[in-house]
Amino acid sequence: MALTAMDIYKLLPKTNCGDCGTPTCLAFAMQLANKNASLDDCPHASDEAKDTLASASQPPVRLIKVGAGDKEIEIGNETVMFRHEETFHHACGLAVQISDELSDEEADKEIEKINNLWFERVGEMIGVELIAIKETSRDAEQFAGVVKKVVEDSKQAPVLMSYNPEIIGKAFELVSGLAEAKPLIYAANEDNYEQMVEIAKKHDVALVAYAEGLEALADLTAKIADLDFKNIVLDSGSRDALDVLNDTTQIRRQGLKNNFRPLGYPTIAFATEDDKEEVVVKASTYVAKYAGIVVIKGDEPWQVLPLLALRQNIYTDPRVPPTIEPGVYEVGEVGPDSPVLLTTNFALTYFTVLAEVEASRIPAYILSVDTEGQSVLTAYSSENLNAEDAAKAMNSSGLKDKLNHSEIIIPGYVAVMSGSLEAESGWSVKVGPREAGGLPNYLKEYTS
Amino acid sequence: MTIERVTRKWKNSINVVTIGNDENKVQVGGETTLPFLHDEGEMPHKPVIALEVYDQVPDTWTDSLLETLGDVVKDPVEWAKKGKELGVDLISLRLTKHALEENPTSPKECAELAKAVSDATNLPLIVWGTGDKEPDNDMYPAVSQALAGQQCLFGSATEDNYKTLAATCIADGHNIISESPIDINICKQVNVLVSDMGFPLDKLVIFSANGPLGYGLEYAYSIMERTRLAALGGDKLMAMPIIANIGPEVQRAKEVKASVEEYPEWGSQKERGIGWEVATAVTYLQAGTDILTMCNPEAIKLVQEYIDGLMAAKK
Ligand code: SF4
């Protein structure tokens, strides 16, 4: 939580000596509040003032990195409770949990399946970024064997799940490249935290702190912080949707509203029941409400796809209308007689149209007109989509040189502008379907 | 270490809206807290589910869903009875045939159908038009009258079409859905317009024309959160329960429509339909939705269990 100038002023010596280069302590406090000065400039500042300022300047929810290279994800560093207040900054990681008791063959199959849980959606690659290997074998070599496969063969960063520091430590010895892969260790608890912190420090990786209830969890992370380790992810032990919701909400608030350091870390939540549908129900809750990492049991695309789409939605920055570059886009093997479709440069509209054109398997040109990122109807009513600008875009697009016709298909919602668009542009205008979903049928008829 | 819990206390509560008559009534709203944070206030009424029933087989739905629902989709009364079996709280009846260009049904036929659905299920009704002004305004008075005293929920009043609906619902004692296109200012505006007609604010439910998961869900999600925060903070013109259109919207999503042949990498279409509907419902519940309208029987069961779990007193 940011300190005000008054908060800072109270911490200063109030002698107005001017050694900081500013005539008064108050003026200096104002500069500090605006981040235009550093407390180091005041030679008389107390240790208390230094501590308070240092902790206030840390992000309220610590930024944690898991994985390395193109498998790296960042979580935490969130600043708001509701996305409309600013935005949610770091999309939660999605992990699929597997057992360390899988046979070699089973593990290979499983990894291959999880590798395929990556999809392109509205111009973005989205997928499962983590594999959580849960140790139940009590066998360090068995565990390391599966971890090795994940490190070598998967597209995911590993989460090492065992409360046994020996098994975790051994995995780092046995699997070359594991430390470099920057796994997340799960988990330190009241009994093992000293050894776990030692391992996490040695390999410079993040560590989950597990305790039941927020009080015990804060005690644990405070002890871990005393060991000078802060690369922490929180697990409050709740597994029921209602309890997790309450805990993740309270933890986020403790960071943002209280600047309470022991809970100022991202969280991990588990939807690991056997019922495949229930996994989707619970995990959706955790994606929407504040989890930093969501671990699921289940590797079916129908389970994962809605969670990925939800994450994409929730973590969309509401401050920026998602836009694409206006201009001509070619879909498929276009030729001079290919149809031309007009749409806006609102990304969601464009990608929806694109997907339908692709599905139709009919090569076509899409002309994206600059509507300042507004959708068809909004742009039309705010006049960001009008006949004059659309005509200009059509005639300056270079399409005429590529085509042996001058016919354009406009969205059904703006059928009313077809007359004025014909007059402005000199093209002939056809009215397409209202919803992009009608495009495949429309295009089939259009081209036949 | 003791933790000073950060709790949010609110000065206003959401209106309680009663749908149905003395025998079958369902109540929604009344919250004095954000969704499911029971430590901070009351959620006296659980969120409820309405089964979507159309007066003709929806031509844009997936075969997968239509097969799951079976032959009942050909008969709205039988379809509605399925809702009874599923234990839903309400029926969401969509009247569409009166707006057909060819052979539209008459207002009287609409009224007979609505009455038949109501009689066959004895569940409280939500009745929607299509949004086509003229046919809807011809239909509303007849249907409203036929259901007089049932205290149904009629949808929907919009910025450009609210007068007929408001007048007829005042006369027959129904509730109204106030609809706005994902816009918080218009939402408030419609509430003002309808209440200026003499319609009581505590018989309104808000609908913000939400999209399905993956297709602009985040806009409606944030509008709902903002609406709810404003209402709890004291804005009486926003303090209505919220309805979200789940099932029919989900049927528009490509990830639900596409067959396994088209997208083998997406897996079973049947399961995809369930997953998409469930995830959409769960997310809108987290934003403050009080009434969900749903299609898929499997998804309905899962969300019913989910709601029960979230409403269970905290240990
Ligand atoms: S150096 Fe420190 S004590 Fe002196 S005026 Fe600046 S802030 Fe005040």
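Here is how names work: the chains are called A, B, and so on, in the same order as the sequence lines, proteins then strands, and each is numbered from 1. Values below: every heavy atom of this structure, side chains too, minus hydrogens, waters and symmetry copies.
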Does a sphere of radius 6.0 Å around [atom1] in [X] hold more than 12 heavy atoms from other residues, nucleotides or ligands, not counting ones at 6.0 Å or beyond?
X        : atom1 : answer
A:Lys223 : NZ    : yes
A:Lys109 : NZ    : no
A:Glu112 : CD    : no
B:Glu42  : CD    : no
A:Arg239 : CZ    : yes

Identify the two heavy atoms, one from [X] and one from [Y], that lie closest to each other, and give their separation to 0.1 Å.
X        : Y        : answer
B:Val6   : A:Gln250 : N-OE1, 2.8 Å
B:Thr283 : A:Ser284 : OG1-CB, 4.5 Å
A:Val281 : B:Val282 : O-CG1, 3.7 Å
B:Met1   : A:Pro262 : SD-CG, 4.1 Å
A:Arg253 : B:Leu37  : NH2-CD1, 3.6 Å
A:Leu242 : B:Phe36  : CD1-O, 3.5 Å

**Asked** Looking at B:Tyr215, is A:Arg121 sitting on its ring face, NZ or CZ under 6.0 Å from the six-membered ring centre and within 45 degrees of the normal?
**Response** yes
**Verdict with supporting geometry, B:Tyr219 and A:Asn313, side chain to side chain contact (heavy atoms under 4.5 Å, CB included)** = CA-CA 9 Å; B:Tyr219 298 103; A:Asn313 283 172; over 6 Å; no
Contacting moiety of [X], where chain A heavy atoms sit under 4.5 Å:
X        : answer
B:Pro35  : backbone
B:Tyr221 : side chain
B:Arg252 : side chain
B:Ile223 : neither
B:Glu305 : neither
B:Leu310 : both
B:Glu255 : side chain

**Prompt:** Going through the distances and angles, do B:Leu229 and A:His84 end up as a side chain to side chain contact (heavy atoms under 4.5 Å, CB included)?
**Reply:** CA-CA 11 Å; B:Leu229 288 165; A:His84 66 261; 3.6 Å; yes
In terms of heavy-atom proximity below 4.5 Å to chain B, should [X] be classed as side chain, backbone, both, or neither?
X        : answer
A:Glu215 : both
A:Glu85  : neither
A:Phe119 : side chain
A:Phe260 : side chain
A:Phe88  : neither
A:Asn116 : neither

When heavy-atom pairs shorter than 4.5 Å are enumerated against chain A, which of [options] gives the highest number?
options                              : answer
B:Ile274, B:Leu213, B:Thr280, B:Thr2 : B:Leu213
B:Gly267, B:Pro181, B:Ser222         : B:Ser222
B:Gly214, B:Ala279, B:Ala258         : B:Gly214

**Prompt:** A:Lys289: what forms a salt bridge (Lys or Arg N to Asp or Glu O under 4.0 Å) with it, not counting sequence neighbours?
**Reply:** B:Glu225
**Message:** Is the shortest side-chain heavy-atom distance between A:Gln254 and B:Ile3 below 4.5 Å?
**Reply:** yes
**Prompt:** Going from OH on B:Tyr306 to CD on A:Glu278, what distance comes out if it is rounded to the nearest 0.5 angstrom?
**Reply:** 11.0 Å
**Asked** Once you round to the nearest 0.5 Å, how far does CD of B:Glu271 lie from CG of A:Leu305?
**Response** 13.5 Å
**Residue among A:Ala216, A:Ala309, A:Ser375 with most heavy-atom pairs under 4.5 Å to chain B** = A:Ala309
**Prompt:** Looking at A:Leu377, A:Leu245, A:Thr316, which one has more heavy-atom pairs under 4.5 Å with chain B than the rest?
**Reply:** A:Leu245
**Message:** If you apply the rule side chain to side chain contact (heavy atoms under 4.5 Å, CB included), what do you find for A:Ile314 with B:Glu218, and how did you get there?
**Reply:** CA-CA 6 Å; A:Ile314 294 289; B:Glu218 69 272 27; 5.6 Å; no
**Request:** Residue by residue, scan residues 285-304 of chain B and write down, ordered by number, those that have a heavy-atom distance under 4.5 Å to chain A; if none do, write 'none'.
**Result:** B:Gln286, B:Leu302
**Prompt:** Which is it for A:Glu277 and B:Arg272 under the salt bridge (charged side-chain N to carboxylate O under 4.0 Å, His left out) test, yes or no, and what are the steps along the way?
**Reply:** CA-CA 10 Å; A:Glu277 275 119 359; B:Arg272 245 189 283 139; over 6 Å; no
